[in-house]
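To start, the structure itself, in structure tokens.
The structure presented is a predicted model; accordingly, all values stated were derived computationally and were not measured. Here, residue 1 is the first one in the sequence, and each next residue gets the next number.
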Amino acid sequence: MSQTIAEDSLKVLLDKASEAQLERVAALYQDLHAHPELPFHEHRTSAQVADAMEALGLEVARGVGGTGVVAVIKNGNGPCVMMRSDLDALPIKEETGLEYASTRKEETEDGRQVPVMHACGHDLHSSCLVGAAGVMMSLREHWQGTAIFIAQPAEEIFGGAQAMLADGLYERFGRPDVVLGQHNMPALAGTVGHIEGSAMAAASTLAVTVHGAGGHGSMPAQTVDPVVIAAHIVTRLQTIVSREMPPTETVVVTVGKLQAGTQGNIIPHSAEMEINIRTFDDDIHAKVIEAIKRIVNAECEAGRSPKPPEFKVLSETISLYNDPVSTARVRARHAELLGEEALYDMFRLGGSEDFPYYGDATAGGFGGEDIPCVYWFVGATPAERWAQTPGTSVSEKMSQLEMPHSPYYFPGNPVTMRTGVKALAAGALAWLSR
């Protein structure tokens with residue numbers, strides 16, 4: 001057989017190889033869905049993924065970055081392509097009614113028992129990663145280079161990517177020429193959405209403790225009320241977006257938590273706040289955080305707080321930028337192997353990911369040049385429901401449907417599984433096919 005294979009022949013081979021993996025993918029998906037685990041506690045999940053990769057004949061390393069899995073196919077000289085999925089679930093009670101719905105509870109770091117659910121589709125992502133590995137193994141006479149498959153822990157708390165990088169991901173397994181990732185969305189099942197450039201927001205959650213001097217509610221003059229100070233902070237924070245940021249920038253500042261006191265006639269000693277920040281520009285993001293700290297400090301001083309406020313970063317990630325040249329390359333390959341009719345233009349999302357750390361040399365801490373990243377979106381809504389959903393555009397219809405993190409959300413239908421496997425393998429073949 002010629003080393004150069006016709007596109008129509010490769011499409012047929014990809015279709016057949018993906019179909020052959022579907023039973024394996026579906027079984028793994030249902031197993032992972034029924035047994036979700038919280039960030040950095042994905043012990044069973046990672047073992048199932050690692051076992052599945054080993055059964056396919058890949059070289060597998062376990063426990064990378066805590067509970068991460070790395071599987072490698074070395075197939076001669078050529079580019080190195082890394083494909084990434086995620087493993088962790090969310091503290092949500094599942095309400096899907098599926099036969100394999102999760103009934104699990106786990107203990108959190110603070111000792112609470114919480115229900116756990118794969119409400120973001122990470123079970124689908126890892127199952128499709130295994131399926132794509134199976135496809136690449138079966139087609140290895142038609143491509144050359146190195147394919148690296150990673151199943152990452154703790155995406156939901158933005159910790160797993162940096163943990164795997166800090167554990168020597170690139171030093172131990174090879175520095176990729178491109179990093180590929182995908183995420184399910186409630187677009188039409190069987191479709192794939194692409195976006196070049198700015199794709200997802202940077203995000204930070206900042207915990208703030210405002211100190212007061214508590215006492216009896218009937219004697220406020222003998223106290224310093226942290227609730228009043230916190231209320232002024234909440235109001236003043238709204239001016240960051242409206243008065244400090246350029247109107248051309250998309251910036252969100254949300255106070256999602258404000259807790260203080262135990263009952264109405266007691267002025268408490270402190271107030272606890274959590275502030276979420278989202279932007280699409282990392283420099284703007286830093287300016288927003290600086291403005292928040294300035295306002296909090298000033299309001300505490302104005303309110304006679306007895307000591308400075310305390311700040312703690314609970315989670316943070318940088319913005320996701322899809323390399324335009326690499327994204328166009330993936331999209332062209334998807335058009336060839338999945339069909340132009342299966343593709344749609346994705347819009348920029350206010351949601352966030354820790355995926356971009358794999359490409360940002362400075363933030364990822366791996367030095368050298370940045371690595372191009374491409375991240376696309378796989379539709380998960382069955383055709384009948386999509387047709388019944390109001391709206392004409394993809395964004396209009398999606399706004400009417402359950403989104404990830406809903407207790408009713410599940411993307412694991414056969415069409416989405418098949419598309420997720422093919423999209424990932426086709427993306428890799430954009431670099432690796434002979």
Practice item. State, without any angle test, whether T205 and E274 hold a side-chain donor-acceptor pair at a distance under 3.5 Å. Key: no

Practice item. Answer with yes or no whether the side chains of E37 and T45 bring together a donor and an acceptor at under 3.5 Å. Key: yes

Point to revise | Mutual orientation of the aromatic rings belonging to H118 and H122 [parallel < 30°, tilted 30-60°, perpendicular > 60°] | key: tilted

Practice item. Taking S305 for its side chain and E301 for its backbone only, find out whether a donor-acceptor pair lies under 3.5 Å. Key: no

Check your understanding: Is there side-chain contact between V251 and V288, with at least one heavy-atom pair below 4.5 Å?
Key -> yes

Review point. Quick one: are E156 and H405 in side-chain contact, heavy atoms under 4.5 Å?
Key: yes

Check your understanding: If you draw a 6.0 Å radius around CZ in R236, do more than 12 non-hydrogen atoms from other residues or ligands fall strictly inside?
Key -> no

Check your understanding: Considering all heavy atoms of both residues, which atom of V25 and which atom of C128 are nearest to each other, and what is their separation?
Key -> CG1-N, 4.3 Å

Check your understanding: Between the side chains of E310 and H211, is a donor N or O closer than 3.5 angstrom to an acceptor N or O?
Key -> yes

Check your understanding: Hey, does the side chain of T381 reach the backbone of P186 with a donor-acceptor pair shorter than 3.5 angstrom?
Key -> yes

Check your understanding: Can you tell me if Y375 and Q182 form a side-chain donor-acceptor pair at under 3.5 Å?
Key -> no

Practice item. Could you tell me the separation between the CG atom of L206 and the CD1 atom of I275, rounded to the nearest 0.5 Å? Key: 5.5 Å

Exercise for review: Mind checking the NE2-OG1 spacing from H285 to T317? Nearest 0.5 Å is all I need.
Suggested key: 9.0 Å

Review point. Counting heavy atoms not belonging to Q113, are there more than 12 under 6.0 Å from its CD?
Key: yes

**Study point:** Validation row: L129, M53 side chains within 4.5 angstrom (heavy atoms)
**Key:** yes

Point to revise | Rounded distance (nearest 0.5 Å) linking atom OG1 of T67 with atom CG of D88 | key: 8.0 Å

Check your understanding: Can any side-chain N or O of E94 pair as donor or acceptor with the backbone N or O of S102 at less than 3.5 Å?
Key -> yes

Point to revise | Steps toward side chain to side chain contact (heavy atoms under 4.5 Å, CB included) verdict (L424, W376) | key: CA-CA 9 Å; L424 206 52; W376 61 83; 3.8 Å; yes

Review point. Y29 side chain to L124 main-chain N or O, any donor-acceptor pair under 3.5 Å?
Key: no

Study note, to complete from the structure: Separation between NE2 (H35) and OG1 (T103), nearest 0.5 Å, reads 8.0 Å

Check your understanding: Taking everything shown except E384 itself, do over 12 heavy atoms lie less than 6.0 Å from its CD?
Key -> no

**Study point:** Test item: E340 side-chain N/O and E336 main-chain N/O as donor-acceptor pair under 3.5 Å
**Key:** no

Review point. Counting only heavy atoms not in E290, do more than 12 fall under 6.0 Å of its CD?
Key: no

Practice item. With the side chain counted from C-beta on, respond yes when M245 and I284 share a heavy-atom pair under 4.5 Å apart, and no when they do not. Key: yes

Review point. Are a donor atom and an acceptor atom from the side chains of T209 and E272 found within less than 3.5 Å of each other?
Key: yes

Review point. What's the shortest heavy-atom distance between E316 and Y357, and which atoms?
Key: O-OH, 3.5 Å

Check your understanding: Mind checking whether N322 and E196 have side chains closer than 4.5 Å, heavy atoms only?
Key -> no

Review point. Hey, does the Lys NZ or Arg CZ of R84 hover above the aromatic six-ring of F355, less than 6.0 Å from the centre and inside 45° of the axis?
Key: no

Review point. When you measure from the side chain of S326 to the backbone N and O of D323, does any donor-acceptor pair fall under 3.5 Å?
Key: no

Exercise for review: Indicate the atoms forming the closest heavy-atom contact of M136 with A428, along with that distance.
Suggested key: CE-CB, 4.1 Å

Review point. Is there a side-chain contact between P356 and Y321 (heavy atoms, below 4.5 Å)?
Key: no

Point to revise | Close side-chain approach of L169 and R175, heavy atoms under 4.5 Å | key: no

Study note, to complete from the structure: Heavy atoms of V130 and R24 approach each other most closely as CG1-CD, 3.9 Å

Exercise for review: List the steps, then state whether salt bridge (charged side-chain N to carboxylate O under 4.0 Å, His left out) holds for R385 with E402.
Suggested key: CA-CA 12 Å; R385 188 172 185 207; E402 296 90 4; 2.7 Å; yes

Exercise for review: Grab the two heavy atoms, one from H334 and one from A426, that are nearest each other, plus how far apart they are.
Suggested key: CD2-CB, 3.8 Å

Review point. Would you find more than 12 non-hydrogen atoms of other residues, nucleotides or ligands less than 6.0 Å from E109 atom CD?
Key: no

Point to revise | Flag, side chain of Y170 to backbone of Y358, donor-acceptor distance under 3.5 Å | key: yes

Point to revise | Exceeds 12 heavy-atom contacts within 6.0 angstrom, atom CD of E396 | key: yes

Review point. Run the ring pair (Phe, Tyr, Trp, His ring centres under 6.0 Å) check on H125 and H183 step by step: do they pass?
Key: CA-CA 7 Å; H125 301 163; H183 201 293; 4.5 Å; yes

Point to revise | Test log, rule side chain to side chain contact (heavy atoms under 4.5 Å, CB included), inputs R278 and N276 | key: CA-CA 7 Å; R278 294 180 188 268; N276 186 254; 3.0 Å; yes

**Study point:** Main-chain N/O of V374 paired with T327 side-chain donor or acceptor, under 3.5 Å
**Key:** no

Practice item. Output yes when a side-chain donor or acceptor of D282 lies under 3.5 Å from a complementary backbone atom of I318, and no otherwise. Key: no

Check your understanding: Should the pair H33 and Y100 be assigned to parallel (<30°), tilted (30 to 60°) or perpendicular (>60°) ring geometry?
Key -> perpendicular

Review point. Can any side-chain N or O of K312 pair as donor or acceptor with the backbone N or O of A207 at less than 3.5 Å?
Key: no

Check your understanding: Are any non-hydrogen side-chain atoms of V69 and V60 less than 4.5 angstrom apart?
Key -> yes

Practice item. Identify the heavy atoms of P411 and G121 that sit nearest to each other, and give their distance. Key: CG-CA, 3.9 Å

Check your understanding: Could you state the interatomic distance from CG (N184) to CZ (F377), rounded to the nearest 0.5 Å?
Key -> 10.0 Å

**Study point:** Gap separating the CG atom of N297 from the CD1 atom of I292, nearest 0.5 angstrom
**Key:** 12.0 Å

**Study point:** Side-chain ion pair, K287 and E249, N-O less than 4.0 Å
**Key:** no

Exercise for review: For the pair E244 and R294, evaluate side chain to side chain contact (heavy atoms under 4.5 Å, CB included) and give the outcome as yes or no after the intermediate values.
Suggested key: CA-CA 13 Å; E244 296 192 39; R294 185 193 74 240; 2.6 Å; yes

Point to revise | Ion pair check, R44 and D51, cut-off under 4.0 Å | key: no

Review point. Do we see a donor-acceptor contact under 3.5 Å between the side chains of Q152 and D354?
Key: yes

Review point. Could you walk me through whether S204 and I289 pass the side chain to side chain contact (heavy atoms under 4.5 Å, CB included) check?
Key: CA-CA 9 Å; S204 300; I289 292 176; 3.8 Å; yes

Exercise for review: Go through the side-chain N and O atoms of T108 and D110 and say whether any donor and acceptor fall under 3.5 Å apart.
Suggested key: yes

Practice item. Starting from the C-alpha separation in whole Å, work towards a yes-or-no answer on ring pair (Phe, Tyr, Trp, His ring centres under 6.0 Å) for F410 and Y408. Key: CA-CA 7 Å; F410 66 97; Y408 301 97; over 10 Å; no

